[in-house]
Amino acid sequence: MPNSGFPARAASYLSGGRERARGTSRTMIAAPLQEHTSSPPAGVVILDFGAQYAQLIARRAREAHVYSEILPHDTPWSEIARRNPAAVILTGGPESTLGADALGVDRALWTSGLPVLGICYGLQLIARDLGGKLAPSAHSEYGPAALQTVATSPLFDGVPATSRVWMSHGDTVVTAPAGFAVLAKTRTCPVAAIGDIGRRIYGVQFHPEVVHTEAGTAIVNNFLHAVAGIPASWAMDSFVDSAVTDIREKVAAGGRVICALSGGVDSAVAASLVARAIGERLTCVFVDTGLLRKDEGELVVAAFRDILHLDVVKVDARARFLERLAGVIDPEEKRIRIGHEFIAIFEEEARKLDDVRWLVQGTLYPDVIESKTPASKAGHKIKSHHNVGGLPEKMHLALVEPLRALFKDEVREAGRVLGLPEAIVERQPFPGPGLAVRVLGEVTADRLETVRAADAIVTSEIEAAELSPRPWQYFAVLTPLQSVGVMGDGRTYANLVAVRAIVSEDGMTADWARLPHALLERISTRIVNEVPGVNRIAYDITSKPPATVEWE
Ligand code: XMP
């Protein structure tokens with residue numbers, strides 16, 4: 001992908017160019033830089049028709065060590081070709097291909113000679129564009145089905161003759177286009193997979209990207225490696241090297257670079273990459289909002305100042321945030337005020353530095369996709385997520401966003417390659433507005449103290465339980481409710497704390513974690529005994545959707 005950024009840069013990154021730690025003689029980053037002399041790995045372009053699972057397809061490709069990029073379905077061919085992909089995947093989508101204005105692709109795809117895998121809507125588009133026949137199904141089909149392969153093909157190599165797949169579709173292919181063989185069927189879907197082995201174009205009616213499709217990983221891997229011939233060469237160390245080169249090129253014009261550290265893994269990894277590229281020109285600003293978890297501020301400053309030897313400015317803004325939040329109970333109002341205050345403080349700090357021209361942001365790939373793909377264009381705003389988004393325009397700063405191509409788990413992996421402490425790499429996600437959105441109702445110093453103490457118990461107990469896998473996020477929420485209790489012989493009328501623990505891949509959807517009862521009991525007993533003013537604990541058993549992860 002010569003023009004798409006980092007894989008191409010990996011090829012030209014030959015020298016290593018280690019940075020010295022600020023003010024010390026040791027190498028700042030523990031992992032050695034690798035030399036890359038081979039050609040850049042070619043990747044797969046995923047054309048999105050508004051699929052719920054587009055990100056999952058990208059993940060499966062990355063897991064197969066193939067670089068992947070999601071583009072809107074109507075991306076002009078010139079844009080796709082510029083990325084020089086080795087294959088194209090067409091996603092599913094909520095629409096029907098049978099409508100007059102059904103979504104399509106630039107037809108140059110069909111004569112490009114590139115291998116194509118169409119999934120669900122993608123299969124139907126192959127049938128429609130290449131001369132097959134489609135019809136609305138008598139019954140929409142959702143959920144598991146038994147797939148039977150009926151012909152051999154590289155796509156189904158190693159896939160059992162019968163295996164469980166996940167279906168979700170309304171229309172069905174009735175006749176495959178000329179040159180295509182039917183490769184698999186289910187009881188209700190006679191054309192569940194088709195392929196033109198010579199042209200390397202395949203389509204499947206089911207979803208190989210979801211975990212419920214037993215042979216899904218094998219099918220995606222077969223397409224990428226056996227059919228398209230893409231080597232499994234996408235790796236995190238090559239990402240780190242090429243990102244460092246990219247950053248150097250980007251900020252070559254000079255000027256200082258600033259970064260807001262939040263304590264989270266994204267800003268930590270983004271800052272570390274920039275530090276490795278141009279360490280001396282980077283200043284990290286850490287704003288102690290007073291809305292952080294127990295010991296969080298100290299951990300962040302220690303990690304960046306003492307371990308990574310970065311220039312960290314710590315601002316104690318606890319009183320300012322409390323003042324701005326006094327009397328505010330509306331969640332959106334809280335979020336907005338916190339965002340504005342944060343920007344004001346950050347701006348004040350930046351003004352104290354000379355010639356600041358760049359701002360580092362830990363934007364991840366899901367954020368990039370969300371703002372670009374058809375599925376999200378019509379999306380509703382649920383919450384004003386807090387980040388430093390208002391800053392670049394206000395301060396005329398250019399953005400450095402080294403994580404724009406990564407998923408969260410890849411960010412953690414990059415953090416490890418960069419030698420960040422596990423306490424930061426493994427840190428659970430934490431919302432920008434911090435504990436303010438976990439104190440329902442008014443945020444006061446006392447109420448923050450209550451939620452912080454309860455949260456520390458939830459966190460330490462869940463981590464001590466060494467669950468496998470560990471929930472994605474786990475925390476305490478201070479509700480605005482009081483209830484009657486009895487302690488000793490006396491009546492109490494005190495606060496209700498809710499405990500939330502979720503399993504998730506990316507925070508976009510989530511299920512509540514089935515924590516062992518003994519663990520829940522320990523958490524409950526400890527909170528009511530150790531946190532003053534709390535006499536009752538509730539466990540949140542809602543998934544997202546319909547709830548969200550945070551309560552505000
Ligand atoms: P929700 O509550 O929207 O949360 O279901 C999804 C994920 O996002 C985190 N979250 C935020 N992260 N700024 C952030 O950087 C925010 O304002 C924010 N609000 C929620 C939340 O913790 C979960 O991981």
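Atoms within each ligand, like the ligands themselves, are counted from 1 in listed order.
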Asks: Grab the two heavy atoms, one from P471 and one from L467, that are nearest each other, plus how far apart they are.
Replies: CD-CD1, 3.9 Å
Asks: Taking all atoms of both residues into account, what is the closest heavy-atom pair of L406 and M236, and its distance?
Replies: CD2-CE, 4.4 Å
Asks: Can you tell which part of P431 has a heavy atom less than 4.0 Å from ligand 1: side chain, backbone, both or neither?
Replies: both
Asks: Any N or O on G432 sitting closer than 3.5 Å to an N or O of ligand 1?
Replies: yes
Asks: Only heavy atoms of K544, strictly under 4.0 Å: list the atoms of ligand 1 that pass.
Replies: 1 (P), 3 (O), 5 (O), 6 (C)
Asks: Going by atom type alone, with no hydrogens or angles, which donor-acceptor pairs under 3.5 Å involve a side-chain atom of residues 293-300 and a protein atom two or more places apart or on another chain?
Replies:
unit_1, atom_1, unit_2, atom_2, d
R293, NE, E296, OE1, 3.2
R293, NE, E296, OE2, 3.2
R293, NH2, E296, OE2, 2.7
E296, OE1, R293, N, 2.8
E296, OE2, R427, NE, 3.4
E296, OE2, R427, NH2, 3.3

Asks: Under 4.0 Å from a heavy atom of R335: which atoms of ligand 1 are those, numbered in the order shown and with their elements?
Replies: 16 (C), 17 (O), 18 (C), 19 (N), 20 (C)
Asks: Which atoms of ligand 1 are found less than 4.0 Å from any heavy atom of P429?
Replies: 24 (O)
Asks: Partners of E348 by salt bridge (Lys or Arg N to Asp or Glu O under 4.0 Å), sequence neighbours excluded?
Replies: R320
Asks: Does any N/O atom on E550 come nearer than 3.5 Å to any N/O atom on ligand 1?
Replies: yes
Asks: Taking distance alone, with no angle check, do V549 and ligand 1 share an N/O pair under 3.5 Å?
Replies: yes
Asks: Would you say E521 has more than 12 foreign heavy atoms packed within less than 6.0 Å of its CD?
Replies: no
Asks: Distance to the ring centre below 6.0 angstrom and angle to the axis at most 45 degrees; does that hold for R500 and Y539?
Replies: no
Asks: Side chain or backbone of W472 under 4.0 Å from ligand 1, or both, or neither, by non-hydrogen atoms?
Replies: side chain
